[in-house]
Protein chains: 2
Amino acid sequence: MVTVRDVARESGVSISTVSRALAEPERVAPETRDRVVAVANRLGYRPNRAASGLRAGRTGALGLVVPDLENPYFASVTKGVQARARQTGHAVFVVDAGEDPALETELVTGLRSQTDGLVLCSPRAAEADLDAARDAPVVLVNLRHDGVPSVSSDDAHGVLLAVEHLRALGHRRVAYVGGPDRSWSDARRRAGLDVARERYPDVETVTVGSFRPRVEGGRAAADLVVASGATAVLAYNDLVALGLVARLRERGVDVPRDLSVVGFDDTFVATLASPPLTTVRTDLARLGARAVDRLVAALGTRRGAAADGSHDPATSPDDVLPVELMVRDSTTLAPTRDLPAR
Amino acid sequence: MVTVRDVARESGVSISTVSRALAEPERVAPETRDRVVAVANRLGYRPNRAASGLRAGRTGALGLVVPDLENPYFASVTKGVQARARQTGHAVFVVDAGEDPALETELVTGLRSQTDGLVLCSPRAAEADLDAARDAPVVLVNLRHDGVPSVSSDDAHGVLLAVEHLRALGHRRVAYVGGPDRSWSDARRRAGLDVARERYPDVETVTVGSFRPRVEGGRAAADLVVASGATAVLAYNDLVALGLVARLRERGVDVPRDLSVVGFDDTFVATLASPPLTTVRTDLARLGARAVDRLVAALGTRRGAAADGSHDPATSPDDVLPVELMVRDSTTLAPTRDLPAR
DNA sequence: GTGAAAGCGCTAACAC
DNA sequence: GTGTTAGCGCTTTCAC
């Protein structure tokens, strides 16, 4: 391993000059700097981040905890986090908690000692967040909690958009297929449903249990949805929507003719299905990027202008990203027989 | 931050005793150990990995570079890498190279200084691998190269299985839709095609260009496939297969009645489509896990029994994981009109 | 069985 | 503008 010492010896300067030449070039004489840089390159010198981090009290690493990497939603958020972190000079430890609250807690604890801060995406653990968030820089994605900075999308509004869309198509009985019990996003969607119910009393809504946020979940829910008598269904996410569509097809229920289906998130699978899903879109890469921005801002504050808190981006109001309804082919006019008599 | 010093003071011992009590409990008197451990827990002491790593010359971190996290293939491999690394006590830096060879090279260089070793999954960069692999512990996934340890699936055999399946269904003209130019997997599939051609001279094979390994790629390829006169098509991966199916449907070509489609990888999207895809399966989590095992073995060697090389798992023959043909509904008998006259 | 002390590679005062 | 030096938190000889 090449160290500052090697570079120093080889270029005839002291180790501090080497350090400066690389980190603060303007504080070193041009010719010295050029020589040092040249030697460093020739020797293939790479600063040891553990060492510089140890000195600086930072590791240069961030941690990201997600419930399931194979869920395209989290894959996209991870991609966004990762890209933005690279721009801010951080590497990202990515951890898959396997939808397991206990494991999640354990992982968060473990990550804290080797990162400068954490992004917890859709955490399933409840109490653990408290502990971790207390004395470590943490940003939550899709969960709001006390004074912990958080970034999320406007799920409730997304539900409202979907209901308005369905109502305009003549649907008067809409089912919602719920996600994981511990999911805050699910709670937000249900809240959106309440708003919709209040605003459009002519639309009945029924909610159907809580299901795994995967294709199987949708398959499991399909029969309940049919039995509910709804003419349209809003799914917890795109995967659930796809499961619904698949199972409905098997039962001979045509989508959208017999039943309109709306997904959530507009992950890439939404357009894979036939018919392509009408779904509520959020910019997931941006969600991840925003989380990193908040986190990095919080890190800066800790070391910088301290607890003023006035224009501190780390404690600024929670970010809520806008949503957009992508209308595709899985929704259409309500079946005539189910239209209310006029 | 709680340090060894705090624990030492609080429990009335020296810092070295604290260190031992936690790392080598047997070398410390039971009561001393218990006291130290109790204090450490009470204070919430977490060893600083940067510091211990600095001393030990290891970071406890591995790096994983993938071309695209949103591709379910890499999401699954990442999940496997991550799970296994946790078991071996390593954290994983995950980096998305965005299918960009130059960025990939840059990221590899950057990661080297903060990891003990790297897993490069389906690298698109060519020369850079050489550099990185030369003096850093590296394991390649889906690429074989010189003496660098590598793990891959038996793609060529997968192609053979697919062709045999199609041949048995009466297909005599099979198209292959190729993947990225820099993809070694693509080359392996073409090699499998050569073997199939030799073994079954009655089956004609045509290859169609190179396409992006995504749904759009499949859409772009669909018309060429139809024009080729093939009655069956083998796609570079499941996403491409789905793109094919989608575009074919739009053109009124029924899958599988008019054209049989075979995917590759059996990612979760394979069963999302209608019809569910016949595809070549590999255990992707296992692929990732094996890569970590190889890497960790290589790390051990570096620090341990040195260059004996006889039973060294780090330099053992390349791992090739078996494949399996998952027959679903996207393949069926060749259209009668295209069957050879008897 | 335990403590003192050296040092991993680096940066940041502090001198000159 | 450059060199010397003191640690960051930890592990690991080496004494006792």
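Computed from a predicted structure; not experimentally measured. All chains are named by letter (A, B, ...) in the order of the sequence lines, taking the proteins before the strands, and each is independently numbered beginning at 1.
Of the charged side-chain nitrogens involved, none lies within less than 4.0 Å of a carboxylate oxygen, so that Arg124(B) and Asp181(B) do not count as a salt-bridged pair. Salt bridge present: Asp319(A) and Arg294(A) bring a charged side-chain N and a carboxylate O closer than 4.0 Å. Using a 4.0 Å cut-off between charged side-chain N and carboxylate O, Arg42(A) and Glu10(A) make a salt bridge.
Note: CZ (Arg5(A)) to C1' (dT5(D)) measures 12 Å, nearest angstrom. The CZ-P distance, from Arg46(B) to dC10(D), rounds to 12 Å in whole Å. Distance, Gln114(A) CD to dG9(D) P: 17 Å, rounded to whole Å. In this structure, the CG atom of Leu54(B) is 8 Å from the C1' atom of dC10(C), given to the nearest Å. Computed from coordinates, the Arg9(A) CZ to dT4(D) C1' distance equals 18 Å when rounded to whole Å. Counting to the nearest Å, the C1' atom of dC8(C) and the CG atom of Asn48(B) are 13 Å from each other. Between the P atom of dG9(D) and the CG atom of Leu22(B) lies a distance of 16 Å, rounded to the nearest Å.
With hydrogens and angles disregarded, a donor-acceptor distance shorter than 3.5 Å links the side chain of Asp116(B) to the backbone of Gly60(B). Thr17(A) contributes no side-chain N or O that, together with a main-chain N or O of Val13(A), makes up a donor-acceptor pair within less than 3.5 Å. Formation of a donor-acceptor pair under 3.5 Å by the Thr282(B) side chain with backbone atoms of Leu284(B) is not found in this model. Within the 3.5 Å criterion, the main-chain N or O of Ser11(A) finds a donor-acceptor partner in the side chain of Arg35(A).
Remark: Ser52(A) engages no residue in a side chain to side chain contact (heavy atoms under 4.5 Å, CB included) (not counting sequence neighbours).
Within the 4.0 Å cut-off from OP1 or OP2 of dT2(D), not a single side-chain nitrogen or oxygen of Thr17(A) is found. Contact annotation: Thr3(A) does not reach the phosphate of dC8(C) (side-chain N/O to OP1 or OP2, under 4.0 Å).
Comparing Val13(A) and Met1(B) along DNA chain D, the residue whose closest nucleotide (by nearest heavy atom) sits nearer the 5' end is Val13(A).
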* **Evaluation steps, salt bridge (Lys or Arg N to Asp or Glu O under 4.0 Å), between Lys79(B) and Asp68(A)** => CA-CA 8 Å; Lys79(B) 190 154 178 156; Asp68(A) 177 17; 2.5 Å; yes

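Taking five base pairs at each end of the helix from dG1(C)-dC16(D) to dC16(C)-dG1(D) and finding the rotation axis that steps the C1' atoms of four pairs onto the next four gives two axes whose angle is 40°, to the nearest 10°.
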* For every nucleotide of nucleotides 11-16 of chain C, 5' to 3': is a protein heavy atom under 4.0 Å from its base (B), only from its sugar-phosphate (S), or from neither (-)? -> BBB---

